[in-house]
Amino acid sequence: MFDVIIAGGGPAGLFLACELRLAGVRPLVLERRPDPDLGDKAHGLAGQVVRLLDHRGLFERCGGRGAPAPAPGFFFGGMPLPLHVLGKENPMYLLPVNQRDLERVLGERAAELGADVRRGWDVLSFGQSDDGVDVVARGSDGVETTFTARYLVGCDGGHSLVRKQAGIAFPGTGDDHVVDRTALIGPSDHFRFAPGGRVVVEGLGEIPAHFHRTERGVFTLLAHDPERPLVNTAEWEERPAGDFPGPGAPMTLAEMEDSIERVLGVRLPLAPPPEGAPTLLRRQCGRNSRLADRYRDGRVFIAGDAAHVSHGPTLNLALQDAANLAWKLAATLRGWAPEGLLDSYGTERRASAERVLMHTRAATALLAPGGDVTALRLLFAELLGRTENLHLVAALLAGADVRYDMGEEHPAAPTGWFVPPLDLTTDDGHPGRLAELLREARPVLVDLTGGNDLAVIAEPWNDRVHRVTAVAGDAPASALLIRPDGYVAWAGADPDSLKAALTRWFSPG
């Protein structure tokens, strides 16, 4: 019997497997695809999930350099956000990593940790009892096998079989008239990139490279790879031709050129990417926002796109879902989970998903054509001129605006928030970053008091909570109790309140 079966070996499933292995749990990942998906999908991560990867030592492996630094700018509804004016209060971090490269890194890390990842296995059904879950899957040879585990987690995408068979509703809304067309193209003499995030288009002139909105749609041209720029349009059509694969005809470069001409008013000849490079021609009709009404059914959980879909940063959400769920499953399997810990997964992560679905729908509305929307954008731009409003939007986009309820009536300021970055020197004289103390996905008590009172209180939890004594010049509190997912469970210096927090989250010592 396995501890946890994970249906789906995309980013959410692989990261969940990594987190479970760090916690000493034996997961089995069953992935339908026989080979990794090399398709061109997401192109980066944004917000506090970037720092979460840094906590696990994966930031640099995904192409980052040194420690994550706040991004000087970003976009909302196609409107530029001058985040540099926020200084130290800027919560937005960016990591430009293609999804296929992210999956490769997570797959390599899962293998290093000894996770059992099996490709070519299609999950067909499951049944659960008081003791475990039986999962029926068909291998690439066509033979069906039953696997047994204590828990099952569906990381199997927006059409999740696990969610459907668990009877979990997936309500939401959609706009069938928004059509997104995307293509990877080759270099061209008909456009060139200019400083300041702009592009010069032949026959039109210089325009923003990101989210250039006209009364006919939105145009974007990005140079993540100068040899394979990414071009995208969004149009609002009365009778969309249908997705591909689906009822519509296959997407072509000519269709992409037609769409660009409708949006910009000029024809932009396009060439395919260099031979042997990844290609992408994609048409998506409609934008859906859906959120599962619950994330758990007995011993069955859902995470990632199986729990929420939107035209937005759902990959950011998915990885944080995995980090939140993994340590709680591990605590339960190892016998020290307090009552209600597993249920807190859905409560906490669903609140974050609600915020993402809200702001992605708002961003789509701000990009729509029409004079009323133009007026709304002018008003919104004025509001963003105030630093407090800019910070609010930045926190919303970064996923830094949701504060978890840690059970205290009057919690200290950092309690409930994702832990801020912190430079410290441990008692052995070693200078470093807080992120380096979170590599093993264990609860950590960072004691900056210089005394022994907290050590005495925390001693009964030494088998599950790693205590570190250190000094730091800009710490938000005298001590921080940090959960494995990076959230501050308690802050302060009072021994009694620390004992209550340790008991609340990690059971009596």
Side-chain angles (χ1 to χ4, degrees), residues 1-21 23-34 110 115-172 290-309 318 321-322 324-335 337 339-347 349-350 353:
M1 175 185 285
F2 293 91
D3 291 325
V4 180
I5 292 176
I6 302 169
L14 290 173
F15 191 54
L16 177 59
C18 293
E19 293 287 284
L20 290 171
R21 285 301 300 140
V25 170
R26 297 183 306 113
L28 169 64
V29 180
L30 299 175
E31 167 53 45
R32 176 178 53 82
R33 299 168 300 174
D116 190 345
V117 179
R118 304 187 190 183
R119 292 193 169 274
W121 284 90
D122 193 8
V123 173
L124 304 177
S125 63
F126 67 85
Q128 60 173 312
S129 65
D130 292 340
D131 300 320
V133 184
D134 295 323
V135 177
V136 179
R138 182 173 53 234
S140 55
D141 58 1
V143 176
E144 295 184 8
T145 302
T146 299
F147 299 93
T148 302
R150 296 280 300 280
Y151 293 96
L152 168 65
V153 183
C155 297
D156 48 346
H159 299 286
S160 170
L161 176 142
V162 172
R163 184 192 66 241
K164 293 174 182 177
Q165 290 200 0
I168 298 175
F170 202 41
R290 295 191 176 278
L291 177 61
D293 65 354
R294 52 197 170 95
Y295 282 19
R296 179 186 186 183
D297 180 66
R299 292 183 172 270
V300 178
F301 296 82
I302 54 175
D305 285 356
H308 43 71
V309 295
D321 289 347
N324 187 294
L325 178 58
W327 75 270
K328 296 173 181 178
L329 281 173
T332 303
L333 288 162
R334 296 170 70 177
E339 183 178 356
L341 183 66
L342 280 178
D343 287 330
S344 72
Y345 160 66
T347 300
R349 295 309 304 156
R350 208 172 172 280

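Keep in mind it's a predicted model, so treat the numbers as computed, not measured.
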**Student:** For Arg32, does the CZ atom sit with more than 12 other heavy atoms under 6.0 Å from it, leaving out its own atoms?
**Tutor:**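 For Arg32, atom CZ is not crowded (no more than 12 foreign heavy atoms under 6.0 Å).
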
**Student:** Taking Arg350 for its side chain and Ala292 for its backbone only, find out whether a donor-acceptor pair lies under 3.5 Å.
**Tutor:** yes

**Student:** State, yes or no, whether a side-chain contact exists between Val135 and Thr146 at a heavy-atom distance under 4.5 Å.
**Tutor:** no

**Student:** Specify whether Tyr295 and His308 have parallel, tilted or perpendicular ring planes, treating 30° as the upper limit for parallel and 60° as the lower limit for perpendicular.
**Tutor:** tilted

**Student:** Check for a donor-acceptor pair, side chain of Glu31 on one end and backbone N or O of Arg119 on the other, with a separation under 3.5 Å.
**Tutor:**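 Not a single qualifying donor-acceptor pair exists.
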
**Student:** Using the ring pair (Phe, Tyr, Trp, His ring centres under 6.0 Å) criterion, which residues pair with Phe2? Sequence neighbours excluded.
**Tutor:**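 Expected list: none.
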
**Student:** Would a distance-only check, ignoring hydrogens and angles, find a side-chain to backbone donor-acceptor pair under 3.5 Å from Arg138 to Asp122?
**Tutor:**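 Not at all, since once roles are kept as given, no pair shorter than 3.5 Å links the two residues.
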
**Student:** If a pair satisfies ring pair (Phe, Tyr, Trp, His ring centres under 6.0 Å) and one of its residues is in residues 136-167, list it, with sequence neighbours excluded.
**Tutor:** Trp121-Phe147

**Student:** State whether the side chain of Asp156 and the backbone N or O of Val162 hold a donor-acceptor pair below 3.5 Å, judged by distance alone.
**Tutor:**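 Yes.
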
**Student:** When you check the gap from the basic side-chain N to the acidic O, do Arg150 and Asp3 get nearer than 4.0 Å?
**Tutor:**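 Result for this pair is no, no salt bridge flagged.
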
**Student:** Answer yes or no: is there an ion pair linking Asp343 with Arg296, defined by an N-O contact shorter than 4.0 Å?
**Tutor:**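 Yes.
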
**Student:** Do any pairs count as a side-chain hydrogen bond (donor to acceptor under 3.5 Å, both in side chains) and have a residue in residues 126-136, sequence neighbours left out, and if so which ones?
**Tutor:** Gln128-Asp297, Asp134-Thr148

